[in-house]
Structures are given as C-alpha cells and as structure tokens.
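One structure is given here, and the rest of the page talks about it.
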There are 2 protein chains.
Amino acid sequence: MGFKERRQKHKDEFKAEILEAALTLFAQEGYANFSMRKLAARIDYSPTTIYNYFRDKDDLLFHICENHYAHLMEEIREIRKRGISPEETLREAMLGYIRYSLAHPEQYKVVFFSNPQLYGRPEEFKNRDTMSLRLWRNTCEVIDECMRSGVFRPMDGETLSIVFWSAVHGLVSSFIFTKDFPMPDPDVMAKMLLDGLFKGYK
Amino acid sequence: MGFKERRQKHKDEFKAEILEAALTLFAQEGYANFSMRKLAARIDYSPTTIYNYFRDKDDLLFHICENHYAHLMEEIREIRKRGISPEETLREAMLGYIRYSLAHPEQYKVVFFSNPQLYGRPEEFKNRDTMSLRLWRNTCEVIDECMRSGVFRPMDGETLSIVFWSAVHGLVSSFIFTKDFPMPDPDVMAKMLLDGLFKGYK
DNA sequence: AAATTATAATTAACGATGTTAAGTATGGGC
DNA sequence: GCCCATACTTAACATCGTTAATTATAATTT
C-alpha cells in the first residue's frame, strides 16, 4: 500500500471519527445544542478542519441521517430473515422503527428537522444509492408481500407504504417533539395504531 | 376611557401588529429565515422593542401557535355546527386540519419545531385555557361521539384521539418537511389514511 | 408652565452561530 | 536542501437572541 492509499485511508478514518464524535455530541447535547464549533472542540481541532472532510453542516447531517437509516435497515433486514409471516414482518418492522427512533430521538430530529432537501430533489432520490432509499425499498417490498398474501386488499402499494410510514412517523415525532402534552404509553399507542392500520386495509 | 386604558389598548394593538407582521414574515420567508431582527426591520423598530411586548422569541412563537390553533378551532367549530353525522364530522375535521396546515406550512413548523415545552409541562397543559387545549377537547368530543354512536368500537377515547391526531400529523409533517422524496397527491393520501383509520377502529 | 416621573424606544455590547479567506506548519519527492 | 501539496489554524464576516445602559417621549404632579 503506497503513500496515497495510506493517506486516503487515514483521511477516511478521520472522517469516520468526526462522524462518531458528532453522533455522541447529538446524543449527549441534543440537536439544538449541536454546532460545528462544539464538535470541533470535542475532537480537539479547529472548527474549520471539519470542512476538509465535510462540505458543510448539511453534508455532515446527511451522513448522520444515513447512519440512522443504516441502523433501521439492519433492523428490517434481520426481521425479514426470520421467516415469519408478511403480516408479522411488517408489524415487527414498524415496531422496530418506533423503538429505535424513540431510543435515538436526537438523531431522529436530524432526519426530519434539518434541510428538507438533504437528499436532493425528489426525482434524483430514486437514482441515488442511499441507505434511505434501501430502507424505503425494503418497506415497500414487505408491504407488497402483505398485499400479495391477502393481508391487505389490493391497492396502490407505494401509496399504502407512504401512508403506513407517515402514520408511524407521526407517532414517533409526536413523542419526540411534544413535551408539553400528556402522552400515553408508547407501546400501547403503537399497538393501537398498528392494529387499526392492519384491520383498516384488510 | 382613561389614559391607562387607552395606553393599554394601544399596547395591545401594537402587540397584535407585531404578531401580524410575524405571521406574514413566516409565510413569506419561512421558519428558517425568521428572526427577531428581521421582524423588527419589517415593523421599522429596533430589535429590542419587541421585547417590550413579548418576553422572548419563544413567547412570540407561542402566540403564533395559538393563532394557528385558533384557526383550526374555528374550522372544527364550524363543522360541528353543520349537524352532520359524527363520522362525517370527524372526517371533515381531519380533512380541515390537513388542508389548513398544508396551506400554512411555515406556521405548522412553528407548532412542531420550536421549543417542545412551548406550552409548559404536560401536567400544566390541561389547567391552562389555550386554543391548543380547546382544539384538543373538541377533537376528543367528536371522537367520543363517534364511539357512542357505534362508528368506533368501545376503547379508550383519549388514546384513540391521540392515535388519530398523530396519524394526521404524520401525514401533514411528511408533506411539509420532506422535499426530497416523491410524494403522492395529498388528497389521495388523506383519503386513504382516513378510510383505513375509520375501517380499522369500527 | 416647569419639574418630575413613568414609559417606550434606541444604541451598544456579549456570546453564540456557520462559513470563507488568508496564512502557517508538516512531510514526501526531487 | 529545496519544492510543493496537504492539513491545519487564525482571523474575519455576517448573522443570531438577548441584556444593560441610555435617550427620547409623554403623562403626572407641583
């Protein structure tokens, strides 16, 4: 391995290190208290150094999102390998989404509160290999399997997927963003939502 | 009317004027580009003047939220007076919520992206007469009427209300916050969501 | 009418923020 | 030992929310 490769490798490692530090900074200080300068202080470099590894703050946030989606992907991939019924698979996938997101609220905020065009324009989204797209495809596949096996009546799968996802997203974001309203138990609410949706589209 | 009342009235009017200016600033420049200083420039006063009428930025945002909820309240109140069935009432109320929120996305962002404790702590929320609480009570009442008239099977009304609301909130926030994903038609999606929920809890 | 006082507005400043431009150190290739 | 690319730092700019000190204005009292 030559100098160039070695240096590139070092650069990649450092980039990953910055990301790691950003994740813990998010987890510890929260989205509102995250800043480039604080991150720089954490890794003991000047703020501008980060800009050698990430184009700007949005670029950094994009990678944080991808990291979040990667975890959700791992979750759904593992569930799909279990060989359980499509209905159970979808249910577990949605519960997994809820559980992981509620366990990492500050990362979830990044996904939904930073630049709404973090992944570019809509038409570009599906031509780009991202964790977000992979997760989306997986979700659609599971919903399709549900429809093919009669768990759901025939309808537009893509739209149904969005309906499912957005309902779950609504639940998660309610818990994460609303701290001035007495919310019920998340598990109780998740069960009620999913029961309703499954029955509703049967 | 004495001097004190007249001055108080003037103060109230000015406060309302600031709020008005804030609303149009939000609508025109968006949540991200809203700032106290820009608002001050709009009303041709120094930034610090605003602090004579609002405690801080959060206080101002609180009133923006209340304004938003007031409109939604007006909407649901009007619908309930129509004398249509509970099911139709709930359906129209949810569609009204969606329509108004999508028509005022930047105001909606305020409601869900500013300080999560804008309305204080959860236990205080229900002891404070706010537009938000009134809207919530109205929603619960409509859902209760649905349950009593057999539109929904018996279950915990409060939880069902939150489930309904959060699902609709998920739909709205998806459209407002996600600009990098190809979304379907809002009306189609709204219909599918509500159809599913109504059937799901029958 | 003049002096006093309360109120409303302003200017100046502090500590943050993201980001760019200019300058400095470091270490391999000739 | 010199050159140059790369990595990093310092300094700076324009913004932000907010506080303290200050001035202008209008009302009240003498």
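Here is the naming used below: chain letters follow the sequence lines, and residue numbers restart at 1 for every chain.
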Please confirm whether Tyr108(A) and His104(A) have ring centers closer than 6.0 angstrom.
no
Would you please indicate yes or no on a ring centroid separation below 6.0 angstrom for Phe62(A) and Tyr119(A)?
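Between Phe62(A) and Tyr119(A), which both carry aromatic rings, the centre distance is below 6.0 Å.
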Is there a residue in residues 43-57 of chain B whose heavy atoms reach under 4.0 Å of DNA chain D, and which residues are they?
Thr48(B), Tyr51(B), Asp56(B), Lys57(B)
Round to the nearest Å and state the distance from [X] atom [atom1] to [N] atom [atom2].
X        : N       : atom1 : atom2 : result
Asp59(B) : dG17(D) : CG    : P     : 14 Å
Lys15(A) : dC8(D)  : NZ    : P     : 14 Å
Leu60(B) : dT18(D) : CG    : C1'   : 14 Å
Leu39(A) : dT17(C) : CG    : P     : 11 Å
Phe14(A) : dT6(D)  : CZ    : P     : 17 Å
Arg37(A) : dC16(D) : CZ    : C1'   : 12 Å

Can you tell if the side chain of Tyr97(B) reaches within under 4.5 Å of the side chain of Glu75(B), non-hydrogen atoms only?
no
With a 4.5 Å limit on heavy-atom distance, are the side chains of Glu29(B) and Phe34(B) in contact?
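Heavy-atom side-chain distance check fails, nothing below 4.5 Å.
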When you measure from the side chain of Arg42(A) to the backbone N and O of Ala21(A), does any donor-acceptor pair fall under 3.5 Å?
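No, Arg42(A) side chain to Ala21(A) backbone: no donor-acceptor pair under 3.5 Å.
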Side-chain N or O of Lys11(B) versus OP1/OP2 of dT7(C): is the shortest distance under 4.0 Å?
no
When you check the phosphate oxygens OP1 and OP2 of dT15(D), does a side-chain N or O of Lys38(B) lie under 4.0 Å from one of them?
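No.
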Does the pair Arg82(A) and Glu78(A) meet the rule for a salt bridge (charged side-chain N to carboxylate O under 4.0 Å, His left out), with working shown?
CA-CA 7 Å; Arg82(A) 285 187 204 164; Glu78(A) 192 274 324; 3.1 Å; yes
Do Arg80(B) and Asn138(B) have side-chain N/O donor and acceptor atoms under 3.5 Å apart?
yes
Test item: side-chain donor near acceptor, Ser173(B) and His169(A), under 3.5 Å:
yes
Compute the angle between the rotation axes at the two ends of the helix from dA1(C)-dT30(D) to dC30(C)-dG1(D), each taken over five pairs, rounded to 10 degrees.
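So the angle between the two local helix axes works out to 30°.
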